[in-house]
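Every chain is numbered from 1, with letters handed out A, B, ... down the list of sequences. Quantities reported herein were computed from a predicted structural model and do not represent experimental measurements.
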Amino acid sequence: MPLLEPRSTPSAQMRLLSPLIAIGLTLAVGSVLFLALGKNPVEAFTVFFVQPLSSGNGWSELMVKAGPLILIAQGLAIGFRARIYNIGAEGQLIVGALAGGGVAIALDGVDAWWVLPLMVVAGAIGGALWGAVPALLKTRFNAEETLTTLMLTYIASFTLSYMVNGPWRDPEGMNFPQSIMFGDPALFSPWFEGMRVNASILIAAVASIAFWIFTSRSFLAYQLTVGGLAPAAARYAGFSAQRTVWVSLVLSGLTAGIAGVGEVAGPVGQLNLNISPGYGFAAIIVAYLGRLNAVGIVLAGLLMALLYLGGEAAQVALQLPAAITGLFQGMLLFFLLGTDVFVDYRLKPRPKPAYA
Amino acid sequence: MLEHLIPVLAGTLGAATPLIFAGLGELVAERTGVINLGVEGMMLIGAIAGFAAAADSGGGALAGLPAGAVAGMLAALVFAVLSLSMAANQAACGLALTIFGVGLSAFIGQHYVSFSLPGLQPLDIPGLVDIPVIGRILFHQDPVTYLGLITFVIVWWVLRKTRLGLLLKAVGEAPDAAHAIGYPVIAIRYGATLFGGAMAGIAGAYLSTVYTPLWVQNMVAGRGWIAIALVVFATWNPTRLLLGAWLFGGVTILQFHAQGLGIALPVQFLAALPYLATVVVLVLISRDKRLLQLNLPASLGKPWMP
């Protein structure tokens with residue numbers, strides 16, 4: 001006997017409430033987890049969500065982490081609206097970082113203003129090309145993009161490993177798998193002394209505005225959304241399914257590629273094996289949590305960045321493993337999918353006995 | 001050449017074992033119409049549960065494999081409640097399960113980073129192991145590898161020859177019709193999904209307690225995704241899945257024997273080969289749309305409610 005019944009129209013209220021309920025449930029289960037680990041939940045949540053924001057540097061770090069998450073998620077959301085599941089943004093980020101980093105290494109010693117913009121363009125092209133591969137495989141050969149984007153992520157990370165162990169390894173780097181440290185012309189310069197926040201956050205901000213205009217105003221974005229919600233209607237209206245695939249994957253590859261440059265030309269400052277703490281995967285959660293909406297994604301990106309910071313703080317203050325961040329991310333997505341069910345369904349009222 | 005080839009072929013069987021378990025589990029689930037993209041996550045959860053059980057109980061792999069199966073099943077249960085009872089999007093739920101599995105296994109795994117386990121000794125099949133060449137390849141394997149082949153035979157037989165198999169396939173092809181005749185569609189899908197979870201859990205526990213008996217974060221390394229790709233490659237046919245798993249086992253093992261075989265390529269290229277091969281194989285099989293349409297379980301991935 002099913003407990004749910006479909007609503008006649010999806011609940012707009014529930015669409016907005018669902019992420020909040022999911023966050024609440026994650027915090028509730030988190031409290032139980034903290035108790036089980038012998039930590040005081042109030043203290044733990046203070047460490048997680050308050051302490052990171054109690055200093056200027058904390059806010060700077062929040063921006064450093066929110067930037068790439070928001071940028072990638074904005075790109076992914078376009079595809080997710082069209083039901084094109086690019087889950088390989090991590091790979092597109094890596095290829096973008098390789099392309100941008102390659103420019104920085106090739107132009108090492110060149111002191112010109114255009115080095116950094118060139119890196120960003122190279123990263124955008126690199127990421128877009130890495131996204132174009134699954135688009136080609138999908139449109140020409142019908143290969144599932146979920147599997148191909150993910151496989152290409154592994155291939156990208158082995159390519160990165162090869163480059164920093166081989167051709168691009170820093171000759172004076174004591175054999176560590178890393179490139180030379182980039183020179184100042186190849187780096188986003190920090191805005192404040194002793195803090196890492198820099199102009200790359202502006203790229204995420206501009207992208208958010210651009211995607212907001214794109215999704216709310218353009219006919220192409222409308223076609224993409226219709227293609228995702230009602231493929232038959234989209235076909236009938238003559239919207240191209242092939243173009244949907246290309247636009248979704250190339251755009252999301254492009255934003256992930258730029259995010260990759262932001263990392264290597266920002267907080268990391270070189271190519272090495274730790275250029276991303278899983279931003280490409282976390283951005284999937286950011287996109288859904290933000291309701292695939294440009295404004296929502298900004299808020300969700302800030303929350304997810306805080307989760308990263310909280311995990312780092314908890315490692316220091318509570319001796320908890322940093323992997324707790326990944327655990328919270330997974331729980332959050334699960335709860336979100338669960339609460340999202342109530343957008344389209346509602347609990348069935350208990351049937352009243354006939355002769356009451 | 002032969003003395004180099006024997007360990008490669010023998011190693012291929014072991015490397016194929018996790019793909020056989022996880023692939024067969026996913027294949028059965030997909031035959032009933034459920035696509036679970038959480039195989040990687042279930043394998044990781046099975047791997048850490050199996051490792052923890054093996055290390056804490058001192059029982060080794062014998063304790064690890066059942067623990068992995070139970071843990072994989074519990075993980076699949078979460079997926080099933082969301083996607084079957086609540087009709088949430090299967091692709092998104094599977095993805096969530098993978099992200100959750102990565103996080104959970106890394107979190108629990110922190111306690112076990114420096115542990116190592118004894119592993120399992122190969123079991124010689126008396127008589128057969130003495131056959132020249134073949135014996136050392138086929139009959140000098142760890143017991144779980146034999147178990148994988150037995151599981152293959154059982155799954156093949158159930159799907160091909162039994163009433164249960166017919167029922168599983170009927171639910172995947174025409175859930176409405178199966179429901180109309182009076183079969184419990186959701187319950188059958190639950191069963192198949194949990195079976196998939198148990199198989200993925202065993203595959204993960206095999207990796208962490210037998211294949212490389214130590215805990216490394218993210219040690220499943222994409223094998224769950226390769227298993228999903230193998231099911232497509234196999235066009236939902238267990239025999240082709242077995243052949244595919246051996247093929248990929250061979251590609252995986254190549255990097256460890258490249259030197260002996262005289263292959264002078266960067267190690268990263270060889271390590272990337274299984275993932276590259278997955279893309280190539282997917283392209284080759286998917287380009288024939290008719291072949292896929294013919295074999296694809298008709299209700300695959302579509303939420304169904306009575």
* Asked: More than 12 non-hydrogen atoms from neighbouring residues, nucleotides or ligands closer than 6.0 Å to CZ on A:R140, yes or no?
  -> no
Report yes if some heavy atom in the side chain of [X] is under 4.5 Å from a heavy atom in the side chain of [Y]; otherwise report no.
X      : Y      : result
A:Y85  : B:N89  : yes
B:L282 : A:F141 : no
B:L82  : A:F334 : yes
A:F342 : B:M86  : yes
B:L276 : A:M151 : no
A:F281 : B:L95  : no
A:L147 : B:T278 : no

* Structure fact -> Note: vs chain B, highest number of non-hydrogen pairs under 4.5 angstrom among A:T148, A:T325, A:I155, A:I284 is A:I155
* Structure fact -> Given A:G278, A:G326, A:A143, A:P321, the one with more heavy-atom pairs under 4.5 angstrom with chain B than any other is A:P321
Relative to chain B, which segment of [X] carries a heavy atom at a distance below 4.5 Å: side chain, backbone, both, or neither?
X      : result
A:F80  : neither
A:I324 : both
A:N165 : side chain
A:L160 : neither
A:L150 : side chain
A:I285 : side chain

Is [X] close to chain A through its backbone or its side chain, or both, or neither, when contacts mean heavy atoms under 4.5 Å?
X      : value
B:I186 : neither
B:V102 : neither
B:S85  : backbone

Gap separating the [atom1] atom of [X] from the [atom2] atom of [Y], nearest 0.5 angstrom:
X      : Y      : atom1 : atom2 : answer
A:L332 : B:I99  : CG    : CD1   : 10.5 Å
A:L320 : B:Q110 : CG    : CD    : 10.0 Å
B:F269 : A:F158 : CZ    : CZ    : 12.0 Å
A:I87  : B:L37  : CD1   : CG    : 7.0 Å

* Passes side-chain contact (heavy atoms from CB on, under 4.5 Å), B:M305 versus A:L4? Steps please. -> CA-CA 9 Å; B:M305 275 206 175; A:L4 299 172; 4.0 Å; yes
* Asked: Do A:T159 and B:Q268 pass the side-chain contact (heavy atoms from CB on, under 4.5 Å) test, and can you show the C-alpha distance, the side-chain angles, and the key distance before you say yes or no?
  -> CA-CA 7 Å; A:T159 309; B:Q268 291 89 357; over 6 Å; no
* Would you check if the side chain of A:N142 reaches a backbone N or O of B:S286 as a donor-acceptor pair within less than 3.5 Å? => yes
* Structure fact -> Max heavy-atom pairs within cutoff under 4.5 Å with chain A, candidates B:V78, B:L284, B:V283, goes to B:V283
